[in-house]
Amino acid sequence: MSSNPVAETVASLLPRAKTELTELVAFKSVADFAQFPKSESEGAANWIAGSLRAEGFVDVALLDTPDGTQSVYGYLPGPEGAKTVLLYAHYDVQPPLDEAGWTTPPFELTERNGRWYGRGTADCKGGLIMHLLALRALKANGGVPVHVKVIVEGSEEQGTGGLERYAEQHPELLTADTIVIGDAGNFRVGLPTVTTTLRGMTLLRVQVDTLGGNLHSGQFGGAAPDALAALVRILDSLRAEDGSTTVDGLDAGARWEGLEYTEEQFRKDAKVLDGVGLIGDGSVADRIWARPAVTVLGIDCPPVVGATPSVHAGARALISLRVPPGVDAAEATKLLQAHIEAHTPWGARVSTEQIGQGQAFRADTSSPAYQAMADAMAVAYPGETMQYAGQGGSIPLCNTLAGLYPQAEILLIGLSEPEAQIHAVNESVSPQELERLSVAEALFLRNYAAG
């Protein structure tokens, strides 16, 4: 990175950033209180509130959102007449999944092979640290030239919509000229990237019932309708032979225009096993950024160990459907429910329950904020040009903010590049990316204020 005072300040602050991220990662802030104590999330929220107060933020508040979680808000006044920028991150994290699969404990930040490992290091506790680094660098080099609002969500990973509903009920709270969502990531390490589209999503719980109770598979198997087998048939109907998502009535042929993703690079990033083919058709970018994708997240059935020879009376699954920009998530939900009902075999009783939903998002890349970010990233990443990419994941708040504040420019950056393995075991963050993106954000705020 070319030498400049902001970059030098950020570099000097990295050891402190590591200490802070270590403290924050230690909170087991999974917003599923059936699995993890609510006190862990509350501890993380209080830690963030204290950090904002220490940085001079005023009006710092723990917002009790309608889903039973807390988001943290703070306001840092800038010069009179300055623009207002909202910085977003979230402190809730995904469960660690199989802790035995982690090389080091998931809630203990550990440095290994030049990366910092731990749940939330990239997604998205590191995003908060990125915001703090950028602001500290500006304060040490002439001051923060804009009014800054920070909002740190407490349930983004659960998709329960607490902050979206709170924002709709208090629309004045998050008003801003530009919004920087720190929950995306570069296309690869070292390639500065702004995410311009997000797929939306819907989550459905599916229940299939066929019998009054489980039956002996020897005495009744062959004629008694098996609920688990019926569920398998339903789930199989959601994919074509090549693995493409096939929900009746849902368009699955869109094309991605922009940065391409080679199959070779995708196989490496996704750690696809040798000899196993990719699913779907079209380019990789088409499949993961521009088209719907269904995933079976879980099935309730007896585990192999301890299973008995039974025909099952009931079975349940949790299904995620990602929907691309241009597709209404509510309409996609109706199509998915109708598909499931139409493809349920043997007259089995089926019911669906929606437990989460978020709309897709498409940014306006012609806005002045995008030029300010491109100029900043050119300095933070010498020799590289800012790229536009899509993201297959969802950040439901984006569409809420776009609807509430249609005049606001929205940019998505962050630390979740492919090597970060977010949502998987051994999640990690590159400290070099944290450093460069913090510099980019600081310079962006300066450029944007001057524009």
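Predicted, not measured: the structure shown is a model, and the values here were computed from it.
- The distance from the CG atom of L250 to the CG atom of L336 is 8.5 Å, given to the nearest 0.5 Å.
- A heavy-atom distance below 4.5 Å is not found between the side chains of V323 and T202.
- For R267, the CZ atom sits in a packed shell: over 12 heavy atoms of surrounding residues, nucleotides or ligands are nearer than 6.0 Å.
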What's the verdict on side chain to side chain donor-acceptor pair (under 3.5 Å) for Y381 and E433, showing C-alpha distance, side-chain angles and the deciding distance?
CA-CA 10 Å; Y381 291 82; E433 288 288 74; 3.0 Å; yes
Side-chain donor-acceptor pairs under 3.5 Å in residues 118-125, sequence neighbours left out?
residue: R119; atom: NE; partner: Q94; partner atom: O; Å: 3.0
residue: R119; atom: NE; partner: P95; partner atom: O; Å: 3.3
residue: R119; atom: NH1; partner: A424; partner atom: O; Å: 2.8
residue: R119; atom: NH1; partner: E427; partner atom: OE1; Å: 2.9
residue: R119; atom: NH2; partner: P95; partner atom: O; Å: 2.9
residue: R119; atom: NH2; partner: A424; partner atom: O; Å: 3.1
residue: T121; atom: OG1; partner: G118; partner atom: O; Å: 2.9
residue: D123; atom: OD1; partner: H90; partner atom: NE2; Å: 3.1
residue: D123; atom: OD2; partner: H423; partner atom: NE2; Å: 3.1
residue: K125; atom: NZ; partner: L24; partner atom: O; Å: 2.8
residue: K125; atom: NZ; partner: F27; partner atom: O; Å: 2.9
residue: K125; atom: NZ; partner: S29; partner atom: OG; Å: 3.0

message: Before you tell me yes or no, could you show the steps for Y88 and E156 under side-chain contact (heavy atoms from CB on, under 4.5 Å), namely the whole-Å CA-CA distance, both residues' side-chain angles and the distance that decides it to 0.1 Å?
response: CA-CA 11 Å; Y88 167 91; E156 189 275 341; 3.3 Å; yes
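- The closest donor-acceptor contact from the side chain of R316 to the backbone of R205 lies at 3.5 Å or more, if one exists at all.
- Using a 4.5 Å heavy-atom threshold, the side chains of R136 and E55 count as touching.
- Other residues, nucleotides and ligands contribute over 12 non-hydrogen atoms within 6.0 Å of the CD atom of E111.
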Item to complete: Show your reasoning for whether side-chain contact (heavy atoms from CB on, under 4.5 Å) applies to S41 and T69.
Response: CA-CA 8 Å; S41 289; T69 65; over 6 Å; no
- request: Test side-chain contact (heavy atoms from CB on, under 4.5 Å) on V25 and E108 and set out the steps.
  value: CA-CA 7 Å; V25 165; E108 293 179 19; over 6 Å; no
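- At distances below 3.5 Å, at least one donor-acceptor pair connects side-chain atoms of Q387 with backbone N or O atoms of T385.
- Taking both residues in full, the closest heavy atoms of T104 and N426 are given as N-OD1, 4.4 Å, listed atom of the first, atom of the second, then distance.
- Side chain of E409 to main chain of A369: a donor-acceptor pair is present (N/O by atom type, distance under 3.5 Å, no hydrogens or angles).
- At a threshold of 4.5 Å between non-hydrogen side-chain atoms, the residues W116 and L434 count as touching.
- With contacts defined as side-chain heavy-atom distances shorter than 4.5 Å, the pair Q265/R188 does not qualify.
- Looking only at distances, no side-chain donor or acceptor of T295 sits under 3.5 Å from a matching main-chain atom of A293.
- Looking only at distances, no side-chain donor or acceptor of D286 sits under 3.5 Å from a matching main-chain atom of R255.
- Within 6.0 Å of atom CD in Q169, more than 12 heavy atoms from other residues, nucleotides or ligands are found, so the atom counts as buried in its surroundings.
- To the nearest 0.5 Å, atoms CD1 (I422) and CD (E157) are separated by 7.0 Å.
- Of all heavy-atom pairs between P192 and E384, the closest is CD-CB, 3.5 Å.
- A donor-acceptor distance shorter than 3.5 angstrom exists from the side chain of Q421 to the backbone of V425, with no hydrogens or angles considered.
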Q.
Please evaluate residues E164 and T400 with respect to the criterion side chain to side chain donor-acceptor pair (under 3.5 Å), reporting the C-alpha separation (whole Å), side-chain torsions for both, the decisive distance (0.1 Å), and the verdict.
A. CA-CA 6 Å; E164 292 103 275; T400 299; 4.9 Å; no
| message | Go through it in stages, so that I can follow the logic: the residues are S430 and E417, the test is side chain to side chain donor-acceptor pair (under 3.5 Å), and I'd like the CA-CA distance, side-chain angles, deciding distance and then a yes or no. | response | CA-CA 9 Å; S430 162; E417 37 75 26; 5.6 Å; no
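- A 4.5 Å side-chain heavy-atom check between D64 and Q70 finds at least one atom pair inside the cut-off.
- The minimum heavy-atom distance between V284 and E263, with the atom names listed, is CG2-CG, 3.7 Å.
- The shortest side-chain heavy-atom distance between P292 and V327 does not fall under the 4.5 Å cut-off.
- The main-chain N or O of L173 is found under 3.5 Å from a side-chain atom of K149 such that the two form a donor-acceptor pair.
- Judged by distance alone, the side chain of T175 and the main-chain N or O of P171 form no donor-acceptor pair under 3.5 Å.
- Within the 3.5 Å criterion, the main-chain N or O of T160 finds a donor-acceptor partner in the side chain of R165.
- Heavy atoms only, all atoms of each residue included: A184 and T195 are closest at CB-OG1, 3.4 Å.
- Side-chain atoms of W256 and R291, non-hydrogen and from C-beta on, never get closer than 4.5 Å to each other.
- Across every non-hydrogen atom of L259 and A389, the tightest pair is CD2-CB, 4.0 Å.
- Here the closest non-hydrogen pair linking L135 and V144 is O-CG2, 3.9 Å.
- Screening D177, D375, T178 for a side chain to side chain donor-acceptor pair (under 3.5 Å) involving Y448 leaves a single residue, T178.
- Side-chain contact between M130 and I413: present, with at least one pair of heavy atoms (C-beta onward) separated by less than 4.5 Å.
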Passes side-chain contact (heavy atoms from CB on, under 4.5 Å), L412 versus Q391? Steps please. CA-CA 10 Å; L412 293 99; Q391 182 172 300; over 6 Å; no
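- Judged by distance alone, with hydrogens and angles left aside, the side-chain atoms of S155 form no donor-acceptor pair with the main-chain N or O of A31 at under 3.5 Å.
- Here the straight-line distance linking atom CG of L231 with atom CD1 of I319 works out to 7.0 Å at 0.5 Å rounding.
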